[in-house]
Amino acid sequence: MRLPVRQHPRDDSQRTHMDVFTARSINTSLCRCSPALQCGKRNPPKLYAYMDFFPVPSNATTDLLFEKSASYFHSEEAPKRAASLVPKAKIITILIDPSDRAYSWYQFPVQHQRSHEDPAALRFSFYEVISAGPRAPPELRALQKRCLVPGWYASHIERWLLYFPPLQLLIIDGQQLRTDPATVMDDVQKFLGVSRHYNYSEALTFDSHKGFWCQLLEEGKTKCLGKSKGRKYPPMGPDSRAFLSSYYRDHNVELAKLLHRLGQPLPAWLRQELQKAR
């Protein structure tokens, strides 16, 4: 596939981008359009250092350029900015149970922020965060928003669909990706139009110690992601699980309607949650 593919508003193809934006305007244009960059006259080196990650591909290359982020999906600005620079980009979205996503979102910053003495992370439990009322302290409400709002999947997908046609969007069941990555990657390759199919079933093996699939190397050796990936958290409490199941019920119903409309299959976790709602 000749066009670079990514979630970041950086390219339609790099050549088109360079044709549209002159040397004088490229700094201003990228800073205005990119949700990941904070730019100004004082920091062009940061911008160009970032751009170095995406070299201009030759016409003969089959490489796919992409970027992943946990923040663009629920950003109010990212879809419009992405479409302004990458109108032909293909968007791949991995959805897990929003309750699990909220818990993971809480656990990661909590573990990171405790070393920085973040008041909300130090003072409040997960249940206190998700169930906080409108009169809760501002720092608690801010953490609650970061945990809960990204799980409004239907609303966020609808926002992306304002700027990208459905054929450029692929929804992946995060649960299936974890248990059967080879099948998921087959679907991804078809979606991207990869001409040389790569057989992931021969390249991946499950590592029981890590608890995840790892790259299979020669002589039966494996290469897994680092310790920062696949973190294990304490089980979510039943009160939190029940609260979130109720909180996301309407959001999940809307997601199911949207996926039916788009002709995309329902993730297994979504089918399970819909059965609870009956």
Could you check L148 against Y247 for side-chain contact (heavy atoms from CB on, under 4.5 Å), going step by step and ending with a plain yes or no? CA-CA 9 Å; L148 296 181; Y247 175 86; 3.8 Å; yes
Between E158 and R261, does any side-chain N to carboxylate O distance fall below 4.0 Å? yes
Closest heavy-atom contact between K90 and F191? NZ-O, 2.6 Å
State whether the number of non-hydrogen atoms from other residues, nucleotides or ligands found under 6.0 Å of H197 atom NE2 is greater than 12. yes
Going through the checks in order, is the side-chain contact (heavy atoms from CB on, under 4.5 Å) test met by T93 and H156? CA-CA 11 Å; T93 302; H156 303 316; over 6 Å; no
Does S240 reach the main-chain N or O of M236 with its side chain, forming a donor-acceptor pair under 3.5 Å? no
Exercise: identify the closest heavy-atom pair between P150 and F73: O-CE2, 3.9 Å
Heavy-atom distance under 4.5 Å between the side chains of K221 and L216, does that happen here? no
Minimum side-chain heavy-atom gap D173-W269 below 4.5 Å: yes
In Å, rounded to the nearest 0.5 Å, how long is the span from CD1 of I96 to CD1 of I172? 13.0 Å
Between the main-chain N or O of R146 and the side-chain N or O of W105, is there a donor-acceptor pair closer than 3.5 Å? yes
Are the side chains of C224 and Q215 in touch, meaning some heavy atoms are under 4.5 Å apart? no
Sequence neighbours excluded and cut-off under 3.5 Å, please list the side-chain donor-acceptor pairs for residues 250-259, or say none.
| unit_1 | atom_1 | unit_2 | atom_2 | d |
| --- | --- | --- | --- | --- |
| N252 | ND2 | Y248 | O | 3.3 |

With the side chain counted from C-beta on, respond yes when P181 and Y200 share a heavy-atom pair under 4.5 Å apart, and no when they do not. no
Taking all non-hydrogen atoms of both residues into account, name the closest pair between A83 and Y163 and its distance. CB-CB, 3.6 Å
Got R123 and E139 here, is their nearest side-chain heavy-atom distance under 4.5 Å? yes
Spell out, yes or no, whether L167 and F164 are grouped together once hydrophobic residues are joined by side-chain heavy atoms under 4.5 Å, including indirect joins. no
Gap between atom CG of L270 and atom CG of D97 - 0.5 Å precision: 9.0 Å
Kindly indicate whether the side chain of V129, heavy atoms from C-beta on, has any atom under 4.5 Å from the side chain of Y106. yes
Would a distance-only check, ignoring hydrogens and angles, find a side-chain to backbone donor-acceptor pair under 3.5 Å from K223 to L217? no
Of all heavy-atom pairs between C147 and A102, which one has the smallest distance, and what is that distance? O-CB, 3.3 Å
Are any side-chain N or O atoms of T179 and backbone N or O atoms of Q175, one a donor and one an acceptor, separated by less than 3.5 Å? yes
Look at the side chain of E202 and the backbone N and O of N199, then say whether any donor-acceptor pair between them is shorter than 3.5 Å. no
Distance in Å, Q107 CD paired with D100 CG, rounded so as to fall on 0.5 Å steps: 11.5 Å
With rounding to the nearest 0.5 Å, note down the distance linking CZ in F243 to OH in Y127. 6.0 Å
So K80 and W160, do their side chains get closer than 4.5 Å, heavy atoms only? no
Could you tell me whether a side-chain N or O of Q176 sits under 3.5 Å from a main-chain N or O of V184, the two making a donor and an acceptor? no
Taking atom types as modelled, find out whether D186 and T183 have a side-chain donor-acceptor pair closer than 3.5 angstrom. no
Working note: D207 + W213, criterion side-chain contact (heavy atoms from CB on, under 4.5 Å); need CA distance, chi angles, decisive distance, verdict. CA-CA 6 Å; D207 187 296; W213 292 79; over 6 Å; no
Under the side-chain contact (heavy atoms from CB on, under 4.5 Å) rule, what do L262 and L161 come out as? Steps first, then yes or no, please. CA-CA 10 Å; L262 296 176; L161 289 173; 4.0 Å; yes
Donor-acceptor under 3.5 Å (R159 side chain, P79 main chain): no
Calculate, to the nearest 0.5 Å, the distance between atoms CG and CZ belonging to L244 and R249 respectively. 11.5 Å
I want to check something: taking the side chain as every heavy atom from C-beta on, are I171 and L95 in contact at a cut-off of under 4.5 Å? yes
Other residues, nucleotides and ligands only: do more than 12 of their heavy atoms fall within 6.0 Å of CZ on R178? no
So, S245 versus E273: side-chain donor-acceptor pair below 3.5 Å or not? yes
Quick check: closest heavy atoms across Y103 and P235, and the distance to 0.1 Å? OH-O, 3.6 Å
Could you grab the distance from atom CD of E67 to atom OH of Y72, nearest 0.5 Å is fine? 4.0 Å
Exercise: identify the closest heavy-atom pair between R81 and S84: O-OG, 2.6 Å
